[in-house]
Amino acid sequence: MIHELYIDGDAYHISWAIRTDQKNIMQRRNQASIYRGIVSEIQAKFMALHVGLFWGIGVFAIKKGDHVNMMIDSKDMVPYLVDGTNDKFIGHRIRFVNLLIEQKELTANISSIEPTQNIALLQNTDV
């Protein structure tokens with residue numbers, strides 16, 4: 001199955017949406033207390049990517065062998081995903097995302113989108 005994973009985050013919240021041809025699943029969470037108010041926006045978005053993928057696998061929305069398009073609306077995130085980073089926080093999230101992709105034998109692509117296309121934007125979620 002093909003999934004689109006949309007993400008958003010800030011210092012206080014993270015959100016993600018998983019879209020398939022059958023449905024949209026939208027989630028929003030408060031930032032973990034140890035990170036609340038101290039992570040940067042880009043760090044929060046990487047947290048949302050990691051947690052959203054992990055959650056999607058955990059509730060069986062994303063299954064072994066599925067295809068995931070990571071829908072990224074931040075132009076700053078793409079180079080980190082492609083080339084890596086010296087930011088340890090972001091590097092750990094990228095490592096966890098890559099481990100999940102490998103362990104579940106997922107096919108994953110990065111798709112750059114405009115913010116207006118992001119269905120997971122925090123201001124669009126009602127949780």
Give a yes or no answer on whether the side chain of Asn118 reaches the backbone of Ile72 with a donor-acceptor pair at less than 3.5 Å. no

Assess the residue pair Asn109 and His67 against the criterion (side chain to side chain donor-acceptor pair (under 3.5 Å)); give the C-alpha distance rounded to whole Å, side-chain angles, the decisive distance to 0.1 Å, and a yes or no. CA-CA 8 Å; Asn109 290 330; His67 182 90; 3.2 Å; yes

Do you know which two heavy atoms are closest between Ala11 and Ile38, and how far apart they sit? CB-N, 4.5 Å

Walk me through it: do Asp73 and Gln117 pass the test side-chain contact (heavy atoms from CB on, under 4.5 Å)? CA-CA 8 Å; Asp73 73 349; Gln117 298 172 291; over 6 Å; no

I need the minimum non-hydrogen distance between Asp10 and Ala44, along with the two atoms involved. O-CB, 3.1 Å

Separation between CG (Leu81) and CE (Met70), nearest 0.5 Å, reads 6.0 Å

Which atom names give the shortest non-hydrogen contact between Ile18 and Ile62, and what distance separates them? CD1-CD1, 4.1 Å

Could you tell me which non-hydrogen atom of Ser15 sits nearest to which non-hydrogen atom of Leu121, and how far apart they are? OG-C, 4.3 Å

Heavy-atom nearest pair, Arg28 first then Leu122, reads NH1-O, 3.8 Å

Taking atom CG of Asn86 and atom OH of Tyr80, what is their separation to the nearest 0.5 Å? 9.0 Å

Value for CG (Asn24) from CD (Glu4), rounded to nearest 0.5 Å, stands at 8.5 Å

Quick check: do Arg29 and Trp55 have side-chain heavy atoms less than 4.5 Å from each other? yes

Working to the nearest 0.5 Å, report the span between CD of Gln27 and CD1 of Ile14. 10.0 Å

Hydrophobic clusters here meaning ILVMFWY residues chained together by side-chain heavy-atom distances under 4.5 Å, can you tell me if Phe60 and Leu100 are in one? no

Transitively linked via ILVMFWY side-chain contacts under 4.5 Å: Ile42 with Val78? yes

Measure the spacing between CD1 of Ile90 and NZ of Lys45 and express it to the nearest 0.5 Å. 11.5 Å

Any side-chain heavy atom of Phe46 within less than 4.5 Å of one from His92? no

Is the number of heavy atoms from other residues, nucleotides or ligands within 6.0 Å of NZ (Lys75) greater than 12? yes

If you look at every heavy atom in Gln31 and Arg36, which pair is closest and at what distance? O-NH2, 2.7 Å

State, with a plain yes or no, whether a side-chain heavy atom of Asp21 is found less than 4.5 Å away from one of Ile2. no

Using a 4.5 Å cut-off on heavy atoms from C-beta on, say whether the side chain of Ile7 contacts that of Met47. no

Look at the side-chain heavy atoms of Ile, Leu, Val, Met, Phe, Trp and Tyr, link any pair under 4.5 Å apart, and say whether Val97 and Val82 land in one connected group. yes

Answer whether the closest heavy-atom distance between the side chains of Tyr6 and Met26 falls below 4.5 Å. no

Under a single-linkage definition using a 4.5 Å side-chain heavy-atom cutoff for Ile, Leu, Val, Met, Phe, Trp and Tyr, are Phe96 and Ile94 assigned to the same hydrophobic cluster? no

Met71 versus Arg19: any side-chain heavy-atom pair under 4.5 Å? no

Honestly curious: do Leu53 and Ile110 fall in one hydrophobic cluster under the side-chain, below-4.5 Å linking rule? yes

Exam field: side chain Asp87 to backbone Phe89, donor-acceptor pair closer than 3.5 Å: yes

Atom CD1 in Ile25, atom OG1 in Thr20: separation rounded to 0.5 Å? 7.0 Å

